[in-house]
Amino acid sequence: MFTIEHEFDATVITLVDDGPAPLKEDITVNAFSECVTVEQYDPRTDRVMMVTLSMAQLRDLGAALDLPEGAYLLNETSAP
């Protein structure tokens, strides 16, 4: 299950783990114009952990999901 909310400066997507136990904590994705952040609460440290991806990293991640093992360099003409 997931939710999508449009805030003033970002689109916020929350991914809820609704599969079989053990369940993981919700993941929040904040999409800004210049970057995307991914946050998840870590109960072991009692902190929210955050990863920030540039738009280029996000593009590469999206492309990597559909490619076989290897090393790749995308250029503007081959980018999805």
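A quick note: this is a predicted structure, and the numbers were derived from the prediction, not measured.
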K.L.:
Between Asp42 and Arg47, is there a side-chain heavy-atom distance shorter than 4.5 Å?
P.N.:
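No; the side chains remain at least 4.5 Å from each other.
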
K.L.:
Quick check: closest heavy atoms across Val48 and Glu39, and the distance to 0.1 Å?
P.N.:
CG1-CB, 3.8 Å

K.L.:
In terms of hydrophobic clustering (I, L, V, M, F, W, Y; side-chain heavy atoms under 4.5 Å; direct or indirect links), are Met1 and Val12 co-clustered?
P.N.:
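No, it is not one cluster - the side chains of Met1 and Val12 are not joined through contacts under 4.5 Å.
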
K.L.:
Calculate, to the nearest 0.5 Å, the distance between atoms CG and OG belonging to Asp60 and Ser54 respectively.
P.N.:
7.5 Å

K.L.:
Knowing that exactly one of Asp18, Val16, Leu15, Thr14 qualifies, which makes a side-chain contact (heavy atoms from CB on, under 4.5 Å) with Phe2?
P.N.:
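Exactly one pass, corresponding to Leu15.
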
K.L.:
Cluster question for you: counting only ILVMFWY and a side-chain heavy-atom cut-off of under 4.5 Å, with indirect links fine, are Met49 and Leu58 together?
P.N.:
no

K.L.:
Report yes or no: does Gln40 contribute a side-chain atom to a donor-acceptor pair with the main-chain N or O of Glu25 at less than 3.5 Å?
P.N.:
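Confirmed, Gln40 side chain pairs with Glu25 backbone.
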
K.L.:
I'd like to know whether Asp46 forms a side-chain contact (heavy atoms from CB on, under 4.5 Å) with Tyr41, so could you lay out the CA-CA distance, the side-chain angles of the two residues, the decisive distance to 0.1 Å, and finally the verdict.
P.N.:
CA-CA 7 Å; Asp46 195 31; Tyr41 173 73; 2.5 Å; yes

K.L.:
Is there a path of hydrophobic side-chain contacts, each under 4.5 Å between heavy atoms of I, L, V, M, F, W or Y residues, that connects Met55 with Val38?
P.N.:
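Yes, Met55 and Val38 fall within the same hydrophobic cluster.
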
K.L.:
Please report the shortest heavy-atom distance between Pro22 and Asp17, naming the atom on each side.
P.N.:
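In this case the closest contact between Pro22 and Asp17 is O-OD2, 4.4 Å.
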
K.L.:
Ignoring hydrogens and angles, write down the donor-acceptor pairs under 3.5 Å from the side chains of residues 26-34, residues two or more places apart or on other chains.
P.N.:
from, atom 1, to, atom 2, distance (Å)
Asn30, ND2, Thr37, OG1, 3.2

